[in-house]
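Step one of this worksheet: look at the structure below.
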Amino acid sequence: MTEQFPFIAETSSLPLLSSMCRVRRGENFRVQGKTVSRPMLCLILQGDGVLVLNDTVYTAQAGSLFVLKPGTTIEAAARSNVTECILLSMDTVCLQQVRGEWKMTSSPAFPLDWETGRLLVRHEQQAVLRLEQLYETYRGLQPDHFISIHSQLHELLQFLSENRLEANHEKVDPALERSIMYMRRYMSEGISMDQLAKIAGLTPSSYSRSFKKAKGMSPTDYLNRLRINEAKKQLTEESCVLKDVAVSVGYGNEYYFSRKFKQTLGIAPSVYMKRDQLRVATASIMGFHENLASLGLRPVAVLEGEGVFDRESDEYEQERRLTRQFDQLRQAKPDLIIGDFYHKPYYDRLKSIAPTIILESTDDWKENHIRIAELVGREKQALLNFKELEFRKLEASLNLQPYFGQKRLALMEITNQFIRLQGTGEHPLNNLLYAELGLQHAQLVSPESSRNEYVADSIPVLDTDYLLIHRASLQPASEKVFRRMKQTASWNRSPAVLYGNVHDISNWQRLCWTPGGRLQILNELEQITQQSVVFPQAGLIGH
């Protein structure tokens, strides 16, 4: 079943091609704060960089297609020397039958129910070809081409609609989309599974299976999320009444609504209403207090777990430190405590002090940051942080490439007992260094490992061009471990050691989880380039 479109269904709107242009820009191309006035499609033909639409950051690269609704604010910066794209502008004409006559008016709305952002499609190359063909037709515009151009536009939109993909790259099912539109429109009323299945043209069991496969959750959970999201918008309004909000989003009473809201967000709606005024504390070894600082909020207390989760400390010392930190936390009298999954065993102790939310484990640092921002009412600042970081990262990558090029990096941590070498497995730090900045890693650790530990005199050959070292401790025991390692052949045969490219760094493992920390990593990398020795062209060990 195909999606129903304004230009082929019994409806009153029709998309018409307004203009097309092919834009080519050179090095240092940048767009700042432009606002879209008409519905548009933007196809990237060549180049790559950062595209920000309404403060949401996207990676733009060849083949990417973006939907731009009227009112969308655009910022962009190119990483490549050449950037080329096709911009397609549309007008939406509304047709209305009045007393047997059709009247036509223009509308600023996008002709299809698509959101601003990247449009994922199957058969990406076919989509590119169709857009380029439409552009060629437009370039050769003649009076008799009028019908052909608009027909091609309709065929293009039909093709894109039939081949749209979900974020998980599953095909969009128009039947499911219709049921979701029904959920949005009638969420304040009772909605049954039978109703939704009938709208989708499926049996209840088939509908439930198809929905979960496409959306990753059941229809009931999805409806609950829509209701909670709408409730969140209403709860930020000054004159909102909890009972009225509960009814307006389809919950029978405010007590059931409060329970569902707390199950979803971790805090009661009454707390959510005043979230930007809360006294917040953190219990985290992942730098949650630094997330708050990036959002412009200073926590009233910070339980970092310093020494508590260090297996090199004895149990008595760990408990003594933990007790002291809990006493400080209790004295601060917070309204809310945000903890990481490392502190899950202490949830009951934390909850006895203040309402506590433990964020689940994730490899996505952005997920943590936006979740923390939502809990304290600073989502807009979180999006601005992401945007600032993306532009800074693009700038840093252009600065770093001439120095690092294809040279290999390795990260090391020195503790009181061990030498730890950072692996290349899935981790926010590895993603930043190797995927986002395009730096090259040395293969010192198995690709499957996040890191390996060694005693000082058994380290592997450090066959790397740059060695970046974090000192986890400056105690005598740590210095002794470092001296023993420096006496080994593995150390003294390393290209990084031979050519003076060994550098001290901060705790990047912790810094990589916060916007401010990631900015610090970029700054330290640029500082390293100013201290580094230029390698000779040949004769390096391991090359």
Side-chain angles (χ1 to χ4, degrees), residues 13 15-93 106-121 124 127-128 130-132 134-135 138-139 141 149 153 156-157 160 164 366 370 373 378-398 436 515 519:
S13 58
L16 299 176
L17 182 61
S18 173
S19 66
M20 289 187 78
C21 61
R22 192 165 185 150
V23 178
R24 183 182 175 92
R25 295 291 184 268
E27 196 173 3
N28 301 321
F29 170 56
R30 184 147 188 177
V31 177
Q32 291 182 300
K34 287 196 173 182
T35 302
V36 174
S37 59
R38 288 177 172 173
M40 296 181 71
L41 293 175
C42 173
L43 172 67
I44 310 297
L45 295 173
Q46 185 179 173
D48 68 287
V50 175
L51 179 64
V52 182
L53 304 177
N54 294 335
D55 292 330
T56 299
V57 179
Y58 299 91
T59 298
Q61 55 193 10
S64 300
L65 179 62
F66 294 91
V67 172
L68 309 177
K69 285 188 171 183
T72 299
T73 301
I74 302 174
E75 293 184 65
R79 179 181 289 106
S80 52
N81 293 331
V82 176
T83 302
E84 189 173 10
C85 65
I86 290 179
L87 296 175
L88 183 158
S89 297
M90 290 173 274
D91 286 319
T92 303
V93 174
S106 63
S107 167
F110 200 88
L112 295 170
D113 187 26
W114 297 343
E115 294 301 319
T116 290
R118 177 148 188 211
L119 185 66
L120 296 174
V121 293
E124 190 176 88
V128 171
R130 285 170 180 261
L131 259 162
E132 290 184 316
L134 178 55
Y135 174 70
Y138 177 81
R139 280 185 65 197
L141 182 62
I149 286 174
L153 173 63
L156 170 67
L157 295 177
L160 296 176
R164 279 196 304 148
K366 287 185 177 181
I370 200 69
R378 287 169 169 79
E379 296 97 324
K380 186 171 181 61
Q381 182 59 52
L383 294 176
L384 291 174
N385 290 341
F386 295 153
K387 180 173 70 173
E388 176 191 0
L389 183 58
E390 285 299 321
F391 284 123
R392 177 68 183 93
K393 188 172 63 182
L394 186 147
E395 177 188 30
S397 68
L398 295 175
E436 298 171 27
L519 287 173

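Hydrogens, waters and symmetry mates play no part in the numbers below; they use all other heavy atoms, side chains included. As the structure is a prediction and not an experimental result, all values here were calculated from the model.
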So, do Leu131 and Leu65 sit near enough that their side-chain heavy atoms are less than 4.5 Å apart?
-> yes

For Ser80, the side chain to side chain donor-acceptor pair (under 3.5 Å) test, sequence neighbours excluded, returns none

Drop me the distance from Leu45's CG to Ile86's CD1, to the nearest 0.5 angstrom.
-> 4.5 Å

Looking only at heavy atoms, the pair that brings Leu394 and Ala77 closest together is CD1-O, 3.5 Å

Got Tyr138 and Leu88 here, is their nearest side-chain heavy-atom distance under 4.5 Å?
-> no

What is the minimum heavy-atom distance between Ala127 and Leu156, and which atoms define it?
-> O-CD1, 4.4 Å

Set of residues satisfying side chain to side chain donor-acceptor pair (under 3.5 Å) with respect to Arg392, sequence neighbours excluded = Glu395, Asn523, Glu526

Do the side chains of Lys69 and Val36 get nearer than 4.5 Å, heavy atoms only?
-> no

So, Glu124 and Arg118, do they make that salt bridge, N to O below 4.0 Å?
-> yes

Does NZ or CZ of Arg30 come closer than 6.0 Å to the centre of the six-membered ring of Phe391, within 45° of the ring's axis?
-> yes

Within-4.5 Å side-chain heavy-atom neighbours: Ile74 and Leu53 | yes

What pair of heavy atoms forms the shortest contact from Ser89 to Leu17, and how long is it?
-> O-CD1, 3.6 Å

Roughly how far, to the nearest 0.5 Å, is the CZ atom of Phe386 from the NZ atom of Lys393?
-> 11.0 Å

Between Asn54 (side chain) and Thr73 (backbone), is there a donor-acceptor pair under 3.5 Å?
-> yes

Roughly how far, to the nearest 0.5 Å, is OG1 of Thr72 from CZ of Phe66?
-> 12.0 Å

Least distance between heavy atoms, Leu157 atom then Pro15 atom | CD1-CG, 3.9 Å

